[in-house]
Amino acid sequence: MNLSLKVWRQKNANSEGKFQQYDVQGISEDMSFLEMFDVLNERLINEGESPVAFDHDCREGICGMCSMYINGEPHGPNKGVTTCQLHMRSFKSGDTITVEPWRAKAFPIVKDLAVNRSAFDRIIAAGGYVSVNTGNAQDANSLPIPKDNADDAFMAAACIGCGACVAACKNASAMLFTSAKISQLALLPQGQAERTMRAEKMVAQMDVEGFGACTNTGACEAECPKGISLENIARMNREYYGAVLSSK
Amino acid sequence: MSTILDAKIPSGAIGEKWTKFKSSVPLVNPANKRNIEVIVVGTGLAGASAAASLAELGYKVKAFCFQDSPRRAHSIAAQGGINAAKNYQNDGDSTYRLFYDTIKGGDYRAREANVHRLAEVSGSIIDQCVAQGVPFAREYGGLLSNRSFGGTQVQRTFYAAGQTGQQLLLGAYSALQRQVGLGNVTMMTRHEMMDVVMIDGKARGIIARDLISGKLERHFGHAVLLCTGGYGNVFYLSTNAMGSNVTAAWKAHRKGAFFANPCYTQIHPTCIPVSGDHQSKLTLMSESLRNDGRIWVPKKQNDNRPAVQIPEDERDYYLERRYPAFGNLVPRDIASRAAKERCDAGYGVGTSKMAVYLDYAEAILRYGKGEANKKGIQNASDEELQAMGKAVVKEKYGNLFDMYKQITGEDPYSVPMRIYPAVHYTMGGLWVDYNLMTTVPGLYALGEANFSDHGANRLGASALMQGLADGYFVLPYTIGAYLAGDIRTKAIPTDAPEFVEAEKAVQARIDQLMNIKGTKSVDYFHKKLGKIMWNECGMSRSEAGLKGAITEIQGLIKEFWSDVRIPGDADEFNPELEKAGRVADFLELGELMCIDALNRNESCGGHFREEFQTEDGEALRDDENYAYVAAWEFKEQSKFELHKEELVYENIKIAQRSYK
């Protein structure tokens, strides 16, 4: 396959960026999208040019490191797929593909297509945990949990923290990410003790980081590679209002 | 002259060693803990759990990871599960059995005392994870569910669909972030450890590079923990993440930490086969799939018919045929070699003929019948059974099946998967004593980065267990033995000459790399090294092949240092420079792996020397001459000295390993 790429190039957080066009030839449909970028970068290095910086690590769709806003969609056109698992058979020869970084105030650009997502870590640090020091636990089976609750908690916990939800949202809201963690712990008995505090603190941190508000467009759910449901946002809102009303 | 290594194993019966150790190890009082700083490099299961647990105890912790968040460490990609001797299934499991299975699975090349301790703490890990809110799979009664893994005859594997590593890591990550929020851990993301700083013969800190600005930083610690994972990427193609590397461990090795059993690598039997030269990494299909899937090849050589057209009696279920007692659940080393044997003999499938089938047709039908019975449906049609069966398989393994489809474009619910072995894990690593301390005082290695628990072959679902055991339940105790003697040491200022010198050396190496300005990319060298390693130090090894590989690698090292091209500058975000530093270390490690494989004139676990096999092609151990840990000391480039730790088996009778 032969393709035309329009790639966002930006030297660092403080410089101006612009689109640069690259033509790539001889791409196999069995390549992943990132392997196609490997081919481009190998060529750029051999030509003495600067290769395109992008984030990636596990390349099996679970670490959440890869990003790329492809033809106007985070992680590209396929549903339930991260960029590293997007394969070139989803495109056809002659296509022009536009590739941008995640764009959000809370995700400053590091270089080219790589962004800084530390804001997510700080939201978790604000309350996305159960306060149980090592060694404090009781026997695991002393706490039976109905399978449905465990399954729902698992579905929420499947979030990989990639930030596609923020990139997809016109408000750059982090509601889906934050609500997934709040939901997971609200659905489990282990999360009950800190339930109120958790919702208040995580929502407050989300605002501090500069993420926008939710206007219920549902773009986050549509683009989430792990199928995290909007129901989580509804649950988070209930948790949050409950917390605020009962706040001491 | 080589020394006999002292593993500092406590005296007493195997079942009492750890208990006795815990109640006699020196303690550090809370006021002193506040003044003691610990550096943790790597934030996977071992690193995150250690950093969180040490911070909970009151130590001042600084944690480092090269990724943009600690949550991305490669532990996240572990799929199948985590072992624990809970005996929740009432199927006869016990601490002893887990201990026994692990020693036997490791082909009698692991250290008894460490493995027994691992089995003892395994249950507490599950308790801790559940308390954190890790959503393990459960039965309808609300209790935890288990499944089987290779090399065992009990069900002791806990899991969260095919995402167990992710859920365990997010549990440890949340514990870590809690301590970050409380101010007890300083988290440095996008930082790479460049060297260990030694003062008066002890590890006292590290030089790290801020990967965004390229600036070098000096960090002091009373002790340094390396939780930096394995070195499977020495093969270029592996199931490891792209960034997984040996650099931290190798720098420690060059500063005096012995490297143990580097040739013990695990080739995982069930991975998606290579599809072309563009391939950048390989993807694992969890071992849990061997619970239900059946592995086969056609009985006829070069059979080009599609799998579904090959009738039952023309299929060779070779694992079931050769190993009736364990069948498709033989350990990984055995399953991998058996697949290679069939493919080399011309029975392979797919376009490359380097693949075997992993077939779910029978399991789908079996589950379908089970569902029909549960629902009281009689005379269900084939389609109905298929549909119900597929739903069950989807719940158990759905994400794996989806991943297979995305990568290959084939639907594994209707055609069997094609699989082939790939490099997955490294049992070798930095040599550590019972306390997990390397041969450098104050320098520890945890998780996959050390060598101690898996011998020559790791059993499935045991890596997660070991990483979390080391971080949550072992190191927080054993480190007291060292730090209790260090309470009078004040934090050493980082303008001390040792820090200045170490930083200068790191800067000089970066300058050297940047100034080569050669003609070939870093990947060119990495791929070349990978090919040499896979061909000569992979699934089977020979004296001639290894000798040739050593010469080739030495040549490649010279070529690298005279002809590599790194674009851009050192003072910016420069992934090519990061890769160059890592590949330079992989080249040196590759040489040592071949030297180690050449030294070990026997076959054991993942190390298979063609010269040493039984008549029916099984690994032939030499317990008389090789029942030792080979720990290598770095002398100078390409020169290593062998030290031995004799392995003593007091509780398990060393025997020919059989799964027949």
Please lay out, stage by stage, how B:Y524 and A:N46 fare under the test side-chain hydrogen bond (donor to acceptor under 3.5 Å, both in side chains).
CA-CA 11 Å; B:Y524 166 86; A:N46 287 332; over 6 Å; no
So what's closer than 4.5 Å to chain A heavy atoms on [X]: side chain, backbone, both or neither?
X: B:S75; result: neither
X: B:Y173; result: side chain
X: B:K86; result: side chain
X: B:Q128; result: both
X: B:S145; result: neither
X: B:E139; result: backbone
X: B:L282; result: backbone

[X] [atom1]: over 12 foreign heavy atoms closer than 6.0 Å:
X: A:M155; atom1: CE; value: no
X: A:K201; atom1: NZ; value: no
X: A:Q20; atom1: CD; value: yes
X: B:Y477; atom1: OH; value: no

Atom of [X], atom of [Y] and distance for their closest heavy-atom approach:
X: A:L185; Y: B:G133; result: CD2-CA, 4.5 Å
X: A:Q184; Y: B:P135; result: NE2-CD, 3.9 Å
X: A:E42; Y: B:S521; result: OE2-OG, 2.8 Å
X: A:D38; Y: B:S280; result: OD2-CB, 3.6 Å
X: B:S53; Y: A:T134; result: OG-OG1, 2.8 Å
X: A:A157; Y: B:L170; result: O-CD1, 3.8 Å

Do any N or O atoms from the side chain of [X] and from the backbone of [Y] form a donor-acceptor pair under 3.5 angstrom?
X: B:R138; Y: A:P146; value: no
X: B:Q67; Y: A:D57; value: no
X: A:R59; Y: B:A241; value: no
X: A:D121; Y: B:S69; value: no
X: B:Q406; Y: A:H87; value: no
X: B:Y140; Y: A:K147; value: no
X: B:R178; Y: A:Y129; value: no
X: A:R122; Y: B:G181; value: no

With respect to chain B, which residue among [options] yields the maximal number of heavy-atom pairs within a distance under 4.5 Å?
options: A:K11, A:E29, A:E35; result: A:E35
options: A:C84, A:G191, A:C159; result: A:C159
options: A:I45, A:V132, A:N141, A:V81; result: A:N141
options: A:V39, A:D55, A:N149, A:N12; result: A:D55
options: A:S118, A:A114, A:A158, A:G128; result: A:A158
options: A:G135, A:A126, A:S50; result: A:G135

Among [options], which residue has the highest count of heavy-atom pairs closer than 4.5 Å to chain A?
options: B:Q132, B:Q166, B:E572; answer: B:Q166
options: B:V522, B:L176, B:T519, B:T408; answer: B:T408
options: B:L144, B:V180, B:V134; answer: B:L144
options: B:Q279, B:E395, B:R190; answer: B:R190
options: B:Q167, B:M403, B:Q163; answer: B:Q167

B:H74 vs A:C58, side-chain contact (heavy atoms from CB on, under 4.5 Å): CA-CA, chis, key distance, verdict:
CA-CA 7 Å; B:H74 192 55; A:C58 79; 4.2 Å; yes
Sort [X] into side chain, backbone, both or neither according to what part of it lies under 4.5 angstrom from a heavy atom of chain B.
X: A:E47; answer: backbone
X: A:S131; answer: both
X: A:L188; answer: side chain
X: A:R89; answer: side chain
X: A:I160; answer: both

State the CD1-CD distance between A:I124 and B:Q177, to the nearest 0.5 angstrom.
7.5 Å
Roughly how far apart are B:L169 CG and A:I62 CD1, rounded to 0.5 Å?
10.5 Å
Is it possible for you to check whether A:K111 lies under 6.0 Å from the centre of the six-membered ring of B:F573, through NZ or CZ, and within 45° of that ring's axis?
no
Side chains of B:Y88 and A:D139 in contact at under 4.5 Å (non-hydrogen atoms):
yes
How far apart are the C-alpha atoms of A:D30 and B:H278, what are their side-chain angles, what is the distance that settles it, and do they pass the side-chain contact (heavy atoms from CB on, under 4.5 Å) test?
CA-CA 9 Å; A:D30 286 331; B:H278 58 265; 4.2 Å; yes
Do A:E60 and B:T283 have side-chain atoms, one donor and one acceptor, less than 3.5 Å apart?
no
Step by step, would you call A:Q138 with B:D127 a side-chain contact (heavy atoms from CB on, under 4.5 Å)?
CA-CA 6 Å; A:Q138 55 192 335; B:D127 300 341; over 6 Å; no
Would you check, one step at a time, whether the test side-chain contact (heavy atoms from CB on, under 4.5 Å) holds for B:D68 with A:F120?
CA-CA 11 Å; B:D68 76 331; A:F120 274 8; over 6 Å; no
